[in-house]
Asks: 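The structure that follows is given in the form of structure tokens.
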Amino acid sequence: MSPLSDRLRNALSGISGILVTPMDADDNPVPRRLTPIIDRCASAGVDGLTINGNTSEFYGLTLAEAERMQAEVPALIGGRTLVIAGIGRGVRDAVHLASRARADGCDAIMVHQPPDPFVAPRGVVEYVRRVADAAGLPVVLYLRNDGIGLPAIEALCRVPGVAGVKWATPNVMTLAKVIRRVGPEINFVCGLAEPWAPPMTAVGAKGFTSGLINLLPERSVTIRDALARGDYATANATIAGIEPFEALRSEEQNGANVSVVKAALTLSGVDVGPARPPAAWPLAPESARALEGLLREWGLLAGAAA
């Protein structure tokens, strides 16, 4: 296994943070506004940061905007964490983004599961194969729908270059079956963030994704370290402490997921602008009040906002 593969495996076994995409007043991405977020994540010990993930509003960006984020954010990270580029859309756009990832300074790519309404399981395998060939980098699969079946999931894991799977369905027992079928060469990651990390860890997953790292990377690190030493009590207690925040994110059919993170960052003094439609923006008045109260309780409310 190469040193890069070792580094990737170690990073996937920890926290895969998903960065927001900051916007200015004219609704244009401003990558440099990520600087304080990246600095805090690196200082806290977050293992990897993903550009153009779902918390990044990947499907709300134009292809040119996604290209810009992929091109500029790795330099802001500066090697302090692993850099993963989210890749997706139609296969030609995905291949285009993937082909640039290494030159842009990314260490690996994460392939979004195609959201096309007419997806053949073997078509997804071919999609991933083309993207992996174009990237020439380690590949992490982002699996949000396990309905393609165990044989197709196993075939995806056998595509050359695939090193990990972010498992983003609540079907924990299916995850356990896949881990048994595929074996230890593939690192399975809890793709449903901190609240689902304990049960997925218990069946063999290692590491978890996180949008919370944009605001409170230290809490994510506490959960990571607790799970690594088998301290489920501390992990679950810390998760209980962030439950009100995660509950707000799940409102409006999960449409407030990114909106709550962005609103919280702005309230804390880091201006990342609004979330784009079809996300819920602005937050509903009651939710906005609850979020402000929570940040005040956590000591994160900026003086101007308070």
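Here the structure is a predicted model, which is why all the values come from computation and not from measurement.
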Asks: Please check this pair: side chain of Glu251 against backbone of Ser287, looking for a donor-acceptor N/O pair closer than 3.5 Å.
Replies: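 Answer holds: no.
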Asks: Distance check, rounded to the nearest 0.5 Å: Asn28 atom CG versus Thr21 atom OG1?
Replies: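 Taking CG in Asn28 and OG1 in Thr21, the distance rounds to 12.5 Å.
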Asks: At what distance, to the nearest 0.5 angstrom, does CZ of Arg130 lie from CZ of Arg92?
Replies: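 Here the interatomic distance stands at 10.0 Å.
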Asks: When rounded to the nearest 0.5 angstrom, what is the spacing between CD1 in Ile51 and CG in Asp104?
Replies: 8.0 Å
Asks: Flag yes if Phe208 and Ile242 sit in one hydrophobic cluster, no otherwise; membership is Ile, Leu, Val, Met, Phe, Trp, Tyr, and two members link when side-chain heavy atoms are under 4.5 Å apart.
Replies: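 Yes: a chain of side-chain contacts under 4.5 Å links Phe208 to Ile242.
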Asks: Does Arg122 qualify as a cation-pi partner of Tyr127, given the criterion of NZ or CZ under 6.0 Å from the six-membered ring centre and within 45 degrees of its axis?
Replies: no
Asks: Once rounded to the nearest 0.5 Å, what's the spacing between atom CD1 of Ile77 and atom CD1 of Ile37?
Replies: 11.5 Å
Asks: Do Ser56 and Val20 come within less than 4.5 Å of each other through their side chains, counting heavy atoms only?
Replies: no
Asks: Does the side chain of Leu19 reach to within under 4.5 Å of the side chain of Val73, using non-hydrogen atoms?
Replies: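 SC-SC contact between Leu19 and Val73 confirmed.
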Asks: Using side-chain heavy atoms (C-beta onward) and a distance below 4.5 Å, is Ile87 in contact with Met110?
Replies: no
Asks: Would you call Asp107 and Arg102 a salt bridge, taking side-chain N to carboxylate O under 4.0 Å as the test?
Replies: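 So Asp107 does not pair with Arg102 through a salt bridge.
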Asks: Return the minimal non-hydrogen interatomic distance between Ile153 and Val178, and the atom names on each side.
Replies: CG2-CG1, 3.8 Å
Asks: Checking Arg144 against Tyr142: is there a side-chain donor and acceptor pair closer than 3.5 Å?
Replies: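 Arg144 and Tyr142 do have a side-chain donor-acceptor pair below 3.5 Å.
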Asks: Please determine, by modelled atom types, if Thr234 and Asp231 share a side-chain donor-acceptor pair under 3.5 angstrom.
Replies: yes
Asks: For Asp93 and Arg89, indicate whether the former's side chain and the latter's backbone hold a donor-acceptor pair under 3.5 Å.
Replies: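 No, the answer is negative, given that no donor and acceptor are paired below the 3.5 Å cut-off.
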Asks: Evaluate the side-chain proximity of Thr169 to Asn145: yes if any heavy-atom separation is below 4.5 Å, no if none is.
Replies: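 Side chain of Asn145 against side chain of Thr169, heavy atoms only: no contact under 4.5 Å found.
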Asks: Hey, is the main chain of Pro29 close enough, under 3.5 Å, to the side chain of Arg68 for a donor-acceptor pair?
Replies: yes
Asks: Quick one, Trp167 with Val172, criterion side chain to side chain contact (heavy atoms under 4.5 Å, CB included). Give me CA distance, side-chain angles, the key distance, then yes/no.
Replies: CA-CA 9 Å; Trp167 187 270; Val172 177; over 6 Å; no
Asks: Taking NZ, NE, NH1 and NH2 as the nitrogens, is one of them in Arg249 or Glu246 under 4.0 Å from a carboxylate oxygen of the other?
Replies: yes
Asks: Taking Asp225 as the fixed residue, which of Thr222, Ile223, Val221 is the one that meets the side chain to side chain contact (heavy atoms under 4.5 Å, CB included) rule?
Replies: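 One option only clears the test, and that one is Val221.
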Asks: What distance separates Leu265 CG from Asn214 CG, expressed to the nearest 0.5 Å?
Replies: 5.5 Å
Asks: Going through the distances and angles, do Val128 and Leu141 end up as a side chain to side chain contact (heavy atoms under 4.5 Å, CB included)?
Replies: CA-CA 8 Å; Val128 171; Leu141 306 175; 3.7 Å; yes
Asks: Please say yes or no: joined through hydrophobic side-chain contacts below 4.5 Å, possibly via intermediate residues, are Trp281 and Tyr59 part of one cluster?
Replies: no
Asks: Do Arg129 and Glu126 sit within salt-bridge range, that is, some charged N less than 4.0 Å from a carboxylate O?
Replies: yes
Asks: What is the minimum heavy-atom distance between Ser210 and Ile15, and which atoms define it?
Replies: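 For Ser210 and Ile15, the tightest heavy-atom pair comes out as CB-CG2, 4.0 Å.
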Asks: Using modelled atom types only, decide if a donor and an acceptor are shared between the side chain of Ser259 and the backbone of Ala280 within a distance under 3.5 Å.
Replies: yes
Asks: Do you know which two heavy atoms are closest between Met69 and Pro22, and how far apart they sit?
Replies: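 Nearest pair, atom of Met69 first, then Pro22: CE-CD, 4.2 Å.
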Asks: Decide yes or no for Val140 and Val111: does some side-chain heavy atom of the first lie under 4.5 Å from some side-chain heavy atom of the second?
Replies: no
Asks: Does Arg296 use its side chain to pair, donor to acceptor, with the backbone of Leu301 at less than 3.5 Å?
Replies: no
Asks: Looking only at non-hydrogen atoms, find the nearest pair between Gly191 and Met200 and report the distance.
Replies: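 Looking at all heavy atoms of both residues, the closest pair is N-SD, 4.4 Å.
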Asks: Looking at Arg33 and Asp24, is any side-chain nitrogen of the basic one under 4.0 Å from a carboxylate oxygen of the acidic one?
Replies: no
Asks: What I want to check is whether the side chains of Asn187 and Arg9 have a donor and an acceptor closer together than 3.5 Å.
Replies: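 Checked: Asn187/Arg9 side chains show no N/O donor-acceptor pair below 3.5 Å.
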Asks: Hydrophobic cluster membership, with links at side-chain heavy-atom distances under 4.5 Å among I/L/V/M/F/W/Y: are Val258 and Leu283 in one?
Replies: no
Asks: Counting only heavy atoms not in Arg32 (residues, nucleotides, ligands), do more than 12 fall under 6.0 Å from its CZ?
Replies: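 No - once you tally the heavy atoms of other residues, nucleotides and ligands closer than 6.0 Å, there are 12 at most.
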Asks: Is there a donor-acceptor pair under 3.5 Å between the side chain of His112 and the backbone N or O of Asn52?
Replies: yes
Asks: Determine whether a donor-acceptor pair (N or O, by modelled atom type, separation under 3.5 Å) exists between the side chain of Arg224 and the backbone of Gly45.
Replies: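 Checking the backbone N and O of Gly45 against the side chain of Arg224, a donor-acceptor pair under 3.5 Å is found.
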Asks: To check you understand the geometry: which heavy-atom pair defines the closest contact between Leu248 and Ala290, and what is its length?
Replies: CD2-CB, 4.2 Å
Asks: Taking all heavy atoms of Leu137 and all of Ala101, pick out the closest pair and write down the distance.
Replies: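 Of all heavy-atom pairs spanning Leu137 and Ala101, the closest is CD1-CB, 3.8 Å.
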Asks: Under a 4.5 Å cut-off applied to non-hydrogen side-chain atoms, are Leu82 and Leu12 in contact?
Replies: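 Counting from C-beta outward, Leu82 and Leu12 never come under 4.5 Å.
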Asks: Do Val203 and Phe188 pass the side chain to side chain contact (heavy atoms under 4.5 Å, CB included) test, and can you show the C-alpha distance, the side-chain angles, and the key distance before you say yes or no?
Replies: CA-CA 10 Å; Val203 300; Phe188 284 84; over 6 Å; no
Asks: Is any side-chain N of the basic residue among Glu154 and Arg181 closer than 4.0 Å to the acidic one's carboxylate O?
Replies: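 The answer is yes: the pair qualifies as a salt bridge.
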Asks: Do Val30 and Leu34 share a hydrophobic cluster, counting only Ile, Leu, Val, Met, Phe, Trp and Tyr and linking them when any side-chain heavy atoms are less than 4.5 Å apart?
Replies: no
Asks: For Trp298 and Ser268, what are the C-alpha separation, side-chain angles and deciding distance, and is it a side chain to side chain contact (heavy atoms under 4.5 Å, CB included)?
Replies: CA-CA 10 Å; Trp298 286 350; Ser268 74; over 6 Å; no
Asks: Any non-hydrogen side-chain atom of Leu291 less than 4.5 Å from a side-chain atom of Val260?
Replies: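 Heavy-atom side-chain distance check passes, below 4.5 Å.
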Asks: Counting only N and O atoms by type, is there a donor-acceptor contact under 3.5 Å from the side chain of Lys262 to the main-chain atoms of Pro274?
Replies: yes
Asks: Is there side-chain contact between Pro198 and Leu227, with heavy atoms separated by less than 4.5 Å?
Replies: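 They are in contact (side-chain heavy atoms under 4.5 Å apart), so the answer is yes.
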Asks: So how far is it from Arg40 CZ to Leu216 CG, rounded to the nearest 0.5 Å?
Replies: 5.5 Å
Asks: Salt-bridge test for Arg158 and Glu185: reply yes if a basic N is under 4.0 Å from a carboxylate O, no otherwise.
Replies: no
